[in-house]
Chemist: 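Submitted below is the structure of interest, expressed as structure tokens.
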Amino acid sequence: MAAMSFSLIIVFIVFPIAMAYAAASDLTTMTIPNWLCLLLLAAFGLGAASTGLGWTATGWHLAAGLTVLAVCFGMFAAGWIGGGDAKLAAVTALWLGFDQLLPYLFIAALGGGLLTVAILALRAAPLPAPASNWTWAQRLHDVKQGVPYGIALAAAALVVLPGTAIWRAAIGV
């Protein structure tokens with residue numbers, strides 16, 4: 001019973017809170033901290049072990065994370081995405097595995113596209129007076145800044161998490 005409750009904490013509390021923090025951090029600072037990605041990496045290891053995910057399934061999850069890391073590293077090197085987004089996408093792919101990778105990437109792309117359009121529209125208008133003294137709002141409104149894509153990545157991860165092997169293992173199905 002203790003192992004089951006520990007796995008539930010990892011899967012149902014740690015992962016969602018970490019995703020929410022990644023989204024909030026990217027929104028307010030345009031960064032996703034390295035420590036958060038390392039926390040998600042360690043939490044996956046603990047979650048996989050405590051749920052009894054199994055070596056084969058864990059290996060496939062690791063392969064999904066490494067695949068996304070390789071692709072995102074290339075995208076980062078080309079200047080298409082930020083380093084934090086690349087790390088977050090890779091560690092999220094580790095959690096989701098190949099079975100939920102395409103839905104995750106599709107939802108993240110749609111959400112990121114909508115987010116980009118919304119931010120560009122907001123940047124076309126003057127920053128509202130109440131927000132003019134907020135550093136994070138000024139940064140977000142700056143046309144020289146990128147888009148906090150971590151918001152879309154985190155939201156997509158939370159949408160597809162219930163379809164993952166680690167979720168099913170945590171609830172015992």
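Reckoned from all heavy atoms, side chains included, excluding hydrogens, waters and symmetry mates.
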Chemist: Do L161 and F15 have side-chain heavy atoms sitting under 4.5 Å apart?
Modeler: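 With C-beta onward as the side chain, the pair touches.
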Chemist: Within a strict 4.5 Å, meaning less than it, do heavy atoms of the P148 and I119 side chains meet?
Modeler: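 The answer is yes; the side chains approach within 4.5 Å.
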Chemist: Should L96 and L101 count as side-chain neighbours, where that means a heavy-atom distance under 4.5 Å?
Modeler: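 Heavy-atom side-chain distance check fails, nothing below 4.5 Å.
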Chemist: Under the side chain to side chain donor-acceptor pair (under 3.5 Å) test, which residues partner T31, sequence neighbours left out?
Modeler: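 T31: side chain to side chain donor-acceptor pair (under 3.5 Å) contacts with T29.
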Chemist: What are the two closest non-hydrogen atoms of A137 and L127, and how far apart are they?
Modeler: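 For A137 versus L127, the nearest heavy atoms are O-CD1, 4.1 Å.
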Chemist: First locate atom CG of L66, then atom CG of L94, and finally report the distance between them rounded to the nearest 0.5 Å.
Modeler: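 Taking CG in L66 and CG in L94, the distance rounds to 8.0 Å.
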Chemist: On a heavy-atom basis, which atom in L140 and which in M30 lie closest, and how many Å separate them?
Modeler: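 Taking every non-hydrogen atom into account, CD1-CE, 4.3 Å.
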Chemist: I'd like to know if I171 and L46 are part of one continuous hydrophobic network [Ile/Leu/Val/Met/Phe/Trp/Tyr, side-chain heavy atoms within less than 4.5 Å].
Modeler: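 Same cluster: L46 reaches I171 through Ile, Leu, Val, Met, Phe, Trp or Tyr contacts under 4.5 Å.
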Chemist: Show the nearest heavy-atom pair for residues A152 and L115, with the distance to one decimal.
Modeler: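 The pair with the smallest heavy-atom distance is N-CD2, 4.4 Å.
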Chemist: Please check if atom CZ in F98 has more than 12 non-hydrogen atoms from other residues, nucleotides or ligands closer than 6.0 Å.
Modeler: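 Enclosed.
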Chemist: What is the distance from atom CD1 of I166 to atom OG1 of T164, rounded to the nearest 0.5 Å?
Modeler: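 The OG1 atom of T164 is 6.5 Å from CD1 of I166, to the nearest 0.5 Å.
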Chemist: Where do K87 and C37 come nearest, in terms of heavy atoms and distance?
Modeler: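 Of all heavy-atom pairs spanning K87 and C37, the closest is CB-SG, 3.7 Å.
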Chemist: Between I17 and V91, is there shared hydrophobic-cluster membership here, with clusters defined by ILVMFWY side-chain heavy atoms closer than 4.5 Å?
Modeler: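 Yes, one cluster joins them.
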Chemist: What's the separation between atom CD1 in I32 and atom CG in L153, rounded to the nearest 0.5 Å?
Modeler: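 One finds 6.5 Å between CD1 of I32 and CG of L153.
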Chemist: Could you list all the ring pair (Phe, Tyr, Trp, His ring centres under 6.0 Å) pairs where at least one residue sits in residues 145-173, not counting sequence neighbours?
Modeler: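 Passing the test, one end in residues 145-173: F12-W167.
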Chemist: Does any non-hydrogen side-chain atom of D85 lie less than 4.5 Å from one of C72?
Modeler: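 Contact flag for C72/D85 side chains = no.
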Chemist: Is a side-chain N or O of S25 found less than 3.5 angstrom from the main chain of A22, in a donor-acceptor match?
Modeler: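 Looks like no, no N/O pair under 3.5 Å.
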Chemist: Which heavy atom of A43 sits nearest to which heavy atom of V14, and what is that distance?
Modeler: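 Minimum heavy-atom contact is CB-CG1, 3.9 Å.
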Chemist: Among pairs that include at least one residue of residues 30-50, which meet ring pair (Phe, Tyr, Trp, His ring centres under 6.0 Å), considering only residues two or more places apart or in two chains?
Modeler: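 Every pair satisfying ring pair (Phe, Tyr, Trp, His ring centres under 6.0 Å) with a residue in residues 30-50: Y21-W35, F44-H61, F44-W95.
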Chemist: Take T28 and R139 through the side chain to side chain contact (heavy atoms under 4.5 Å, CB included) test and state the conclusion after the steps.
Modeler: CA-CA 8 Å; T28 59; R139 186 180 308 109; 5.6 Å; no
Chemist: Could you check if a side-chain atom of L88 sits within less than 4.5 angstrom of a side-chain atom of L40, using non-hydrogen atoms only?
Modeler: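 They are in contact (side-chain heavy atoms under 4.5 Å apart), so the answer is yes.
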Chemist: Can you measure from CG (L41) to CG (L36) and round to the nearest 0.5 angstrom?
Modeler: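 Interatomic distance, L41 CG to L36 CG, rounded to 0.5 Å: 11.5 Å.
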Chemist: Would you say the side-chain atoms of R168 pair up with the backbone N or O of P162, donor to acceptor, closer than 3.5 Å?
Modeler: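 Looks like no, no N/O pair under 3.5 Å.
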Chemist: Under 30°, 30 to 60°, or over 60°: which ring-plane class applies to F76 and F73, parallel, tilted or perpendicular?
Modeler: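 It falls in the tilted class, 30° to 60°.
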Chemist: Treat each ILVMFWY residue as a node, draw an edge where side-chain heavy atoms are under 4.5 Å apart, and state whether I13 and F6 are in one component.
Modeler: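 Same cluster.
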Chemist: Are I151 and W136 connected in a single hydrophobic cluster, I mean Ile/Leu/Val/Met/Phe/Trp/Tyr linked by side-chain heavy atoms less than 4.5 Å apart?
Modeler: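 In one cluster: yes.
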Chemist: Distance from T92 atom OG1 to Q100 atom CD, nearest 0.5 Å?
Modeler: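 Here the rounded value is 13.0 Å.
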Chemist: Please determine whether residues M75 and L110 belong to a single hydrophobic cluster, defined as Ile, Leu, Val, Met, Phe, Trp and Tyr linked transitively by side-chain heavy-atom distances below 4.5 Å.
Modeler: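 Looking at the clustering, L110 is in a separate group from M75.
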Chemist: At their closest point, which heavy atom of I107 faces which heavy atom of A156, and how far apart are they?
Modeler: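 For I107 and A156, the tightest heavy-atom pair comes out as CG2-CB, 3.7 Å.
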Chemist: Between V159 and Y104, is any pair of side-chain heavy atoms under 4.5 Å apart?
Modeler: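 No. Closest side-chain heavy atoms not under 4.5 Å.
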Chemist: Any chance you could measure L39, atom CG, to N34, atom CG, to the nearest 0.5 Å?
Modeler: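 Answer for the CG-CG pair, L39 versus N34, is 12.5 Å.
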